[in-house]
Amino acid sequence: MALLQLPPISAAAALPSRSEKLPRTKARIALSTTQSPSNARRHHLRKNRHKLSAVAEGITAAAGDESVIQEDEAVEHRESSARYDWTEEWYPLYLAKQVPDDAPLGLTVFDKQVVLFKDGDGVIRCFEDRCPHRLAKLSEGQLYDGRLECLYHGWQYEGNGKCVKIPQLSAGAKIPASACVRTYEIKDSQGVIWIWMSHKTPPNLEKIPWFENFDRPGFRDISTTHELPYDHSILLENLMDPAHVPVSHDRTDWSAKREDATALFFEVRERTDRGFAGHWGRERDRSMPDYSPNFLRFEAPCVLQNNREIVDKNGERHYFSGLFLCRPSGQGKSMLIVRFGNTQQPPLVLKLFPQWYLHQNACKVFEQDMGFLSSQNEILMKEKVPTKKLYTNLRSSDVWVAEYRKWMDKVGHGMPYYFGHSSISLPKIPAVVEHAPAGFVANFSASQPAKGGVGTMEAPNPANRYFRHVVHCKGCRNVVKSCHSWKKALSVAAALSTIVAILVSGRQWKVLFLLSTAVLLAGVQICSTIIAMNTTNFIRTHRRM
């Protein structure tokens, strides 16, 4: 999956606001305070003569390759680090409309586990995902009379985190203050639940991202949520990479075609401590009259948007957005909320496709990249070196990738771990491996709406499409459940129709019931196909299985 390649236009287009000019900073080089500049330079040259000679030879050899992004282009990124604290940020937690009504939902931000649920008044609440009693996960609990109940010993919590019931207490005994659970500040903004991770610093509401296009009259979007088995930085890197779309996603939709792979141009218009922004497009399109490039903006901690503003032949202005809200959900894991939208009426053919079909096609796109990105994650963890020692970044395709990794150099010190362009900080604590539940009780729990599947076919499994998307989408989940029910009903009806066809004596009746059986079996096949499309991963046909 990558940046949304918004449709080409023939009319003039205005560029997005907040995008234009900010002054670029310059790198500062500090001289030694213990020696004079001239003496220090002579001493340094004598001491490192051979090393400098080798470096000079390498620079000379690389300078001839203008297609590769060179180190000297990143001088301004080698400033002192910017102030950054990963907890003092708002992270996209979940789509508000997808929060379950009847069960708690366990989520993570980096290595912090939280539980999201609706209290008795329908207000969305967020707690630390552990019971103060014996550290059991509250996300494995249940909602009881509007309270969150831990299913280990039945302790119950109100929306403010206060423990209001402990079944094991003696009559008249007071509930200890330490039984209260830690809460997190959350806000619903434009249909997305954002979480503030710091308990030391008050929430900064000004840091909640606001997306102008999504607040415009008539703006419609298709939103999907996906769990993915690789680091959030690799996910963002992939989303900033329009060059791979024609190849990796060839014919997946109406726009990606392998033969359209070509050189791209990138113009960085803004760099700040919180990200960067600029224009991009196909190099061959720059000479087109009234051509308007795509506009990309990356904002800390992990928000990426690709916008376009179009004026049609009638002078009407239309706005298009591809919005990617990424959340780090642990080592080698991430969660992504994708929102594609515009103010233009969709074509009739697009209206004919049900929403679940568009969602499963989005799943297919991510599965096409999954093997590449998982292996990339594995190599970064194995090699334990910055990306500049591993990547060969091209000017014609990888500018945003280089910009992002250099931004990580500047702020990575304020993250639990990071992979930068010139620096790296590996996780200090090994990843926690979460095992899928087993046994009758766990299987029953897994069959509930927010827990991971229907029966055993879609039991919790990060490699399963159902677990990665459908479990987070009420619409797709209901489609799968309905298809399971219809499949069973149609199968029974087909069996009865077949029996009746055998028992009746009239030829016309036999033909009628056999035709009915055929129609019913076709319905069974359609239901099976829909279930498979929502639960079966994409596999490239040329792969040897």
Side-chain angles (χ1 to χ4, degrees), residues 93-109 112-189 191-197 199 203 225 434 437 439-455 458-460 467 470-475 477-478 480-482 485:
L93 200 56
Y94 219 63
L95 286 170
K97 65 181 181 181
Q98 302 296 353
V99 177
D101 299 314
D102 54 357
L105 178 68
L107 302 168
T108 58
V109 182
K112 301 297 183 183
Q113 298 179 337
V114 300
V115 56
L116 202 64
F117 70 98
K118 290 184 179 180
D119 66 15
D121 297 323
V123 178
I124 300 176
R125 306 285 189 172
C126 188
F127 294 169
E128 184 176 27
D129 193 10
R130 66 182 190 186
C131 180
H133 178 212
R134 297 261 289 280
L135 310 183
K137 279 191 174 185
L138 292 173
S139 59
E140 291 296 327
Q142 64 181 355
L143 299 182
Y144 190 87
D145 289 339
R147 301 167 180 169
L148 179 56
E149 181 181 75
C150 177
L151 274 180
Y152 195 7
H153 294 91
W155 292 26
Q156 293 181 359
Y157 301 90
E158 289 185 334
N160 59 5
K162 182 179 180 181
C163 183
V164 294
K165 182 178 180 180
I166 298 179
Q168 294 79 22
L169 280 182
S170 303
K174 292 184 178 180
I175 296 176
S178 59
C180 294
V181 69
R182 173 178 283 189
T183 63
Y184 282 89
E185 188 76 22
I186 57 174
K187 295 293 181 184
D188 182 345
S189 177
V192 176
I193 303 297
W194 298 83
I195 182 171
W196 179 260
M197 294 306 298
H199 285 105
T225 304
E434 297 183 8
F440 174 79
V441 174
N443 284 337
F444 177 77
S445 174
S447 71
Q448 301 307 302
K451 296 299 182 182
V454 178
E458 296 89 21
F467 184 77
V470 179
V471 70
H472 300 293
C473 178
K474 290 181 179 178
R477 194 163 63 242
N478 289 335
V480 173
K481 284 188 172 183
S482 297
S485 299

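Everything numeric in this text was worked out from a predicted model, so none of it was measured.
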Using a 4.5 Å cut-off on heavy atoms from C-beta on, say whether the side chain of Ile124 contacts that of Leu116.
yes

Stepwise, does the side-chain contact (heavy atoms from CB on, under 4.5 Å) test hold for Leu138 with Tyr157?
CA-CA 10 Å; Leu138 292 173; Tyr157 301 90; 4.0 Å; yes

Report yes if some heavy atom in the side chain of Tyr184 is under 4.5 Å from a heavy atom in the side chain of Leu93; otherwise report no.
no

Please report the shortest heavy-atom distance between Cys163 and Cys180, naming the atom on each side.
N-SG, 4.1 Å

Looking at Lys162, is its backbone amide N or carbonyl O close enough to the side chain of Asn160 to form a donor-acceptor pair, meaning the two atoms are under 3.5 Å apart?
yes

Could you check whether any side-chain heavy atom of Pro167 comes within less than 4.5 Å of a side-chain heavy atom of Trp155, counting everything from C-beta outward?
yes

So, Glu149 side chain and Gly141 main chain: donor-acceptor pair closer than 3.5 Å or not?
no

Do Trp196 and Trp194 come within less than 4.5 Å of each other through their side chains, counting heavy atoms only?
no

Are the side chains of Leu95 and Ile193 in contact, using a 4.5 Å heavy-atom criterion?
no

Measure from the side-chain N and O atoms of Lys112 to the backbone N and O of Asp129, and report whether any donor-acceptor pair falls under 3.5 Å.
no

With the side chain counted from C-beta on, respond yes when Leu151 and Gln142 share a heavy-atom pair under 4.5 Å apart, and no when they do not.
yes

In terms of relative ring orientation, are His133 and Tyr152 parallel, tilted or perpendicular, with 30° and 60° separating the classes?
tilted

Considering all heavy atoms of both residues, which atom of Ala103 and which atom of Leu143 are nearest to each other, and what is their separation?
N-CD1, 3.7 Å

If you measure from CZ on Arg182 to CD on Glu128, what distance do you get to the nearest 0.5 Å?
5.5 Å

Specify the closest pair of heavy atoms between Thr183 and Gly161, including all atoms of both residues, with the distance to one decimal.
CG2-CA, 3.8 Å

Side chains of Lys137 and Ser139: closer than 4.5 Å at any heavy-atom pair?
yes

Is a side-chain donor or acceptor of Arg147 paired with a backbone partner of Glu158 at a separation under 3.5 angstrom?
no

Counting distance only, does the side-chain N/O of Gln168 pair as donor-acceptor with the main-chain N or O of His153 below 3.5 Å?
yes

Is there a side-chain contact between Lys118 and Val99, using heavy atoms and a 4.5 Å cut-off?
yes

Which atom names give the shortest non-hydrogen contact between Asp101 and Lys474, and what distance separates them?
OD2-NZ, 3.4 Å

